[in-house]
There are 2 protein chains.
Amino acid sequence: MLVSSNLRELYPDGVFPAACHSRVLLDHVMSKWGVLVLLALSEGEPLRWSELRRRAQGVSEKMLAQTLRTLADDGPVLRDARPVVPPHVEYSLTEPGAELAAHLVPLMQWIAGHAGDNPTS
Amino acid sequence: MLVSSNLRELYPDGVFPAACHSRVLLDHVMSKWGVLVLLALSEGEPLRWSELRRRAQGVSEKMLAQTLRTLADDGPVLRDARPVVPPHVEYSLTEPGAELAAHLVPLMQWIAGHAGDNPTS
DNA sequence: TAGGTACCTTACTTCAAAGTGGGTACTACC
DNA sequence: GGTAGTACCCACTTTGAAGTAAGGTACCTA
């Protein structure tokens, strides 16, 4: 069963390099908190920092701020900060971020279904 | 744009836990060498240890053995060892592994296309 | 004996992601 | 003074995946 014959367009000699720019983006996206942030934002609503903190269970302020900064720098996440006090910052997926999530969510759903998780319990 | 309304079936309260069995499988799959092994195997042919060593550019014997052991224990990879000397071991995707790869490959293709890589150069 | 084959295992080290604990600034309320 | 809310930043520490170097199996050939 060939599931990836068109990988050959990207890697014609069948050798996959470990170190490349893809790896940097992949590692940010699949980082411990990155994937949870992207999943939360993939539901479509812009979310504020504090809401994301509630949604990514167990994340520290430091890791959330760092992760959001990284993802915004990488491109999948848009950071919309209003010039007000107290701060009011909203995060949402960019267009490329939504395309990314469209691939990421089915993967996570598959993994959740095969890892013996019972998240609805 | 709702891209993941059915995530709510898995996580009805919208809170994504960081520590669960999914995380273990996800971390193995997306590990540095795990993803390259799965991509190589996703082309459909069973591959021997030494061929995988060539295909995952830069992997050490130790990391390759360790990664293959882990993925075989997790389930996506089948290890077929013949009782001969010198050893003859073939690795291939299990049925669940092929389903996993069906989700993983488009994700990697997307990321490769957006990370400024030029793998065909 | 030495060298080769293919596929590992073990002991120890490195290092980047994650973690911990402190801090910032402003407003409102008790 | 204290608490609460908003959203971070900095210095330092811990942790576990990855790395390095050495070891191993069993058989074959010169």
Side-chain angles (χ1 to χ4, degrees), chain A residues 16-38 40-41 46-74 77-92, chain B residues 16-38 40-41 46-74 77-92:
Chain A
F16 301 106
C20 55
H21 291 147
S22 301
R23 190 78 231 188
V24 174
L25 178 57
L26 180 70
D27 285 345
H28 292 164
V29 165
M30 306 309 299
S31 65
K32 176 169 182 180
W33 300 114
V35 69
L36 294 192
V37 163
L38 290 167
L41 292 176
L47 294 174
R48 295 185 64 176
W49 190 91
S50 45
E51 179 61 20
L52 281 166
R53 179 98 198 271
R54 280 186 283 277
R55 300 281 286 275
Q57 196 178 79
V59 71
S60 66
E61 297 175 358
K62 182 247 188 183
M63 286 310 304
L64 181 57
Q66 179 178 306
T67 301
L68 288 167
R69 161 70 55 90
T70 300
L71 291 175
D73 288 347
D74 285 347
V77 169
L78 173 69
R79 179 178 182 275
D80 179 19
R82 296 183 193 168
V84 295
V85 168
H88 182 114
V89 187
E90 286 186 351
Y91 295 90
S92 55
Chain B
F16 300 104
C20 57
H21 290 145
S22 302
R23 190 78 230 188
V24 175
L25 178 59
L26 180 70
D27 286 345
H28 292 163
V29 166
M30 305 312 297
S31 66
K32 177 168 180 180
W33 300 113
V35 70
L36 294 192
V37 163
L38 288 167
L41 292 177
L47 295 174
R48 296 187 62 177
W49 192 91
S50 44
E51 179 63 18
L52 282 167
R53 180 97 198 271
R54 280 186 283 275
R55 301 280 285 276
Q57 195 179 78
V59 71
S60 65
E61 297 176 359
K62 182 252 188 181
M63 287 312 304
L64 181 57
Q66 179 178 306
T67 301
L68 288 168
R69 160 68 58 88
T70 300
L71 290 176
D73 288 348
D74 285 346
V77 169
L78 174 68
R79 179 178 183 276
D80 178 18
R82 296 184 193 166
V84 295
V85 169
H88 182 113
V89 188
E90 287 186 350
Y91 295 89
S92 55

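When the side-chain nitrogen and oxygen atoms of S60(A) are compared with OP1 and OP2 of dT20(C), none of them lie within a distance under 4.0 Å. The shortest distance between the side-chain N/O atoms of R48(B) and the OP1/OP2 oxygens of dA6(C) is not below 4.0 Å. Side-chain N/O atoms of W33(A) include one lying less than 4.0 angstrom from OP1 or OP2 on dG19(C). For the pair S50(A) and dT6(D), the criterion of a side-chain N or O lying under 4.0 Å from OP1 or OP2 is met. For R82(B), no side-chain nitrogen or oxygen approaches OP1 or OP2 of dA6(C) to under 4.0 Å. Under 4.0 angstrom from either OP1 or OP2 of dC8(C) there lies at least one side-chain N or O belonging to Y91(B).
Rounded to whole Å, the distance from NZ on K32(A) to P on dG19(C) is 4 Å. We find that CG of L68(B) is positioned 13 Å from P of dA18(D), with the value rounded to whole Å. In this structure, the NE2 atom of H28(B) is 7 Å from the P atom of dA17(D), given to the nearest Å. Atom CE of M63(B) and atom P of dC7(C) are 18 Å apart (whole Å). We find that CD of Q66(B) is positioned 15 Å from C1' of dC7(C), with the value rounded to whole Å. Look at CG on L71(B): it is 14 Å from C1' on dA17(D), rounded to the nearest Å. When the C1' atom of dG22(C) is taken as reference, atom CD of E61(A) falls 11 Å away, rounded to whole Å. Atom CG in L64(A) sits about 8 Å away from atom P in dC8(D), given to the nearest Å.
For W49(B), the side-chain atoms get nearest to dC7(C) when compared with the rest of dC7(C), dA6(C), dT9(C). Nearest nucleotide to the side chain of V89(B), out of dC9(D), dA6(C), dC8(C): dC8(C). Taking only side-chain atoms of K62(A), from C-beta outward, the nucleotide of dG23(D), dG5(D), dG21(C) with the closest atom is dG21(C).
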Step-by-step side chain to side chain contact (heavy atoms under 4.5 Å, CB included) determination, Y91(A) to V77(A):
CA-CA 7 Å; Y91(A) 295 90; V77(A) 169; 3.9 Å; yes
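At least one side-chain heavy atom of V35(A) sits less than 4.5 Å from a side-chain heavy atom of L26(B).
Judged by distance alone, the side chain of R82(A) and the main-chain N or O of V89(A) form no donor-acceptor pair under 3.5 Å.
With the nearest nucleotide of DNA chain C identified for both T67(A) and E90(B), E90(B) has the one nearer the 5' end.
The residue from V29(A), L47(A), L71(A) that alone fulfils the side-chain contact (heavy atoms from CB on, under 4.5 Å) condition with V37(A) is L71(A).
The shortest non-hydrogen separation linking R23(B) to K32(A) is NH1-O, 2.8 Å.
Using a 4.0 Å heavy-atom distance criterion, R79(A) is classed as a sugar-phosphate-only contact. Looking at heavy-atom distances under 4.0 Å, R53(B) makes no contact with the nucleic acid at all.
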